[in-house]
There are 2 protein chains.
Amino acid sequence: MEHRIDRIKKQLHSQSYKLTPQREATVRVLLEREDDHLSAEDVYLLVKEKAPEIGLATVYRTLELLSELKIVDKINFGDGVSRYDLRKEGAKHFHHHLVCTECGSVEEIEDDLLEDVEKIVQNEWGFQVKDHRLTFHGICKQCQAVTMNASS
Amino acid sequence: MEHRIDRIKKQLHSQSYKLTPQREATVRVLLEREDDHLSAEDVYLLVKEKAPEIGLATVYRTLELLSELKIVDKINFGDGVSRYDLRKEGAKHFHHHLVCTECGSVEEIEDDLLEDVEKIVQNEWGFQVKDHRLTFHGICKQCQAVTMNASS
DNA sequence: TTTATATTTATAATAATTATAGTTTAAGTT
DNA sequence: AACTTAAACTATAATTATTATAAATATAAA
C-alpha cells in the first residue's frame, strides 16, 4: 500500500500538485476499498472516519483531480451518482464491469478483451481510440443459481 | 415514421399503457432526431415546439417509461446529464458510441462488435449477458486531420 | 520571517431529477 | 349518453448530486 501511495504522490508532484493529508486520506480509502465502486458520498463518509474534519467539497475536488490524472476512473452505472474506481497499476485502459440486474453486484474484468475490437474501430471508422468504457448487464453466476433453484 | 410510431403504440398497448398525445409528441421528437443524443431538457424544448403545454415532468416520465420498455436507451457520457437514444428497430443490443475528446462529437456504431467478447464473458466468467454499454473515447477523423494540419 | 500560492472548510448556489397535489382525459360499464 | 374509475397530466415543490464562493489555513519559495 505504501508503495502505491508513494507512486501516486510522485504522479501528483510531477504535475506540481501536493499530496495533502486530505488527499492522502482519500487515496487510502480508495486503496482499501479497491474492489468497490464508491460514490463521492461513500468516499466522504469513509474518509471522515480517518479525518473527521474533511469537507465534502474537498473529496469531490480530490476525486476530480485524481480523475484528471487518470489515477481513478469516474463511472456511472445509471443510478444517478458518479462512482470512482482506482486504475490498476500500469493499466492503460479502464477495466470492464459486469453489472447484475438481479442483485446489483458489480464484478470487474481486468483482462483487456477489446484489443481486436479497437483495431476494427481504428481501421474501419478512422477513430483513434484512447480509452473505453465497457459494461455488461446481465445475470451473475450466483443469481443464475438462485433462479434455477427457485424454478425447480 | 408512421410505421414506427405504430409499432411503439402497439408495444405500449401490449403492456396496457396508452400513447397519449404528449407521449406521441415525445416519440416524434426522438424519431426526428434519431442521430442525436438528447438530454431530457433537449427533448422537452423540442416537444414544446409541437405541444407547448407539455410539462417537463411528463417528458421525464415518458422517457423513463420508454426506457423501461427498451424503446430508448438511457446513456451517460459523463457530463452529468442522462441522454436518451432510440433503439433501432429489432435491435437486441444497444449500439456503441465513439466520443471525441477534442470536439465532443458522438458517432454511433450499429454493428455488434461484441459477439466474441460476450461469448468469452459467458464462458469464462459464467455471466449471462443481456445487454452492454460500450463507449470509446478518443479522437475522431475530423479532429485528427485538424491536428495534423496544425502541427505541420 | 515574509510573501505568494495552493488548498481547505463551511456554506451557498446550481442543475438535474423526482415527488406531490389537484385536475384532466380516456376507457369501460351500465 | 351519463357514470365511474384509473391513468396520465400540469404546475410546482422538494430532493439530490455537484459545483462555486469567500474567508481561513497551510505550504513552499524567496
Side-chain angles (χ1 to χ4, degrees), chain A residues 8-29 37-69 71-85, chain B residues 8-29 37-69 71-85:
Chain A
I8 290 170
K9 188 174 188 171
K10 281 177 191 143
Q11 279 179 271
L12 286 169
H13 284 167
S14 75
Q15 314 262 344
S16 53
Y17 293 111
K18 308 168 196 168
L19 184 66
T20 62
Q22 292 88 340
R23 285 176 183 166
E24 182 171 336
T26 305
V27 169
R28 279 183 192 280
V29 164
H37 299 85
L38 304 172
S39 67
E41 184 85 27
D42 294 337
V43 173
Y44 172 62
L45 293 173
L46 289 165
V47 173
K48 257 183 118 68
E49 292 175 8
K50 293 178 197 297
E53 73 291 353
I54 200 168
L56 177 58
T58 300
V59 172
Y60 268 101
R61 262 179 290 114
T62 301
L63 292 171
E64 190 57 36
L65 175 63
L66 294 173
S67 190
E68 274 164 32
L69 298 182
I71 294 166
V72 308
D73 284 299
K74 192 174 173 181
I75 20 169
N76 195 300
F77 291 132
D79 59 352
V81 294
S82 295
R83 298 179 177 279
Y84 298 85
D85 212 357
Chain B
I8 290 170
K9 189 174 189 173
K10 280 178 191 143
Q11 280 181 270
L12 286 169
H13 284 166
S14 76
Q15 314 261 346
S16 53
Y17 292 112
K18 309 168 196 167
L19 184 65
T20 63
Q22 292 89 342
R23 285 175 184 167
E24 182 171 336
T26 305
V27 169
R28 280 184 191 278
V29 163
H37 300 85
L38 304 172
S39 67
E41 183 85 26
D42 294 338
V43 173
Y44 171 62
L45 292 173
L46 289 165
V47 173
K48 256 184 118 69
E49 292 175 9
K50 294 179 196 295
E53 73 290 352
I54 201 169
L56 177 58
T58 300
V59 172
Y60 268 102
R61 263 178 291 114
T62 300
L63 291 171
E64 191 57 36
L65 175 63
L66 294 173
S67 188
E68 273 165 32
L69 298 182
I71 294 166
V72 307
D73 284 299
K74 191 173 173 182
I75 20 170
N76 195 299
F77 291 130
D79 59 352
V81 293
S82 295
R83 298 178 178 279
Y84 299 86
D85 212 357

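Below, read A as the first sequence line, B as the second, and so on, with proteins coming before strands; counting in each chain starts at 1.
Within the structure, a side-chain polar atom (N or O) of B/Thr20 is placed less than 4.0 Å from OP1 or OP2 of D/dC9. OP1 or OP2 of D/dA26 has not a single side-chain nitrogen or oxygen of A/Gln22 nearer than 4.0 Å. For D/dT19, neither phosphate oxygen OP1 nor OP2 lies less than 4.0 angstrom from any side-chain nitrogen or oxygen of A/Arg61. Of the side-chain N and O atoms in B/Tyr60, one or more sit less than 4.0 angstrom from OP1 or OP2 of C/dT17.
Although no hydrogens or angles enter the test, the distance criterion places no donor-acceptor pair under 3.5 Å between the side chain of B/Arg83 and the main chain of B/Phe77.
Heavy-atom minimum distance, B/Leu69 versus B/Gln11: O-NE2, 4.1 Å.
Atom P of nucleotide D/dA7 and atom CD of B/Gln15 are separated by 14 Å, given to the nearest angstrom. Atom CG in B/Leu19 sits roughly 17 Å away from atom P in C/dT25 (whole-Å rounding). Summarising the geometry, the separation between NE2 on B/His13 and P on D/dA7 is reported as 14 Å, rounded to the nearest angstrom.
Between A/Ser82 and B/Gly55, it is B/Gly55 whose nearest contact on DNA chain D lies nearer the 5' terminus. Across the interface with DNA chain C, nearest-nucleotide mapping of B/Pro21 and A/Val59 shows A/Val59 to be the residue nearer the 5′ end.
Residue contacts shown for B/Glu41 are absent, as no nucleic acid heavy atom lies under 4.0 Å away. Residue contacts for A/Arg23: at a heavy-atom cut-off of 4.0 Å it reaches the sugar-phosphate backbone alone, with no base atom in range. Within 4.0 Å (heavy atoms only), B/Ser39 reaches no atom of the nucleic acid at all.
Just one residue in the list B/Val43, B/Val29, B/Leu45 forms a side-chain contact (heavy atoms from CB on, under 4.5 Å) with B/Val59, and that residue is B/Val43.
Around atom NZ of A/Lys9, no more than 12 heavy atoms belonging to other residues, nucleotides or ligands sit under 6.0 Å away.
The side chain of A/Lys18 lies closest to C/dT7 when the candidates are D/dT10, C/dT7, D/dA17.
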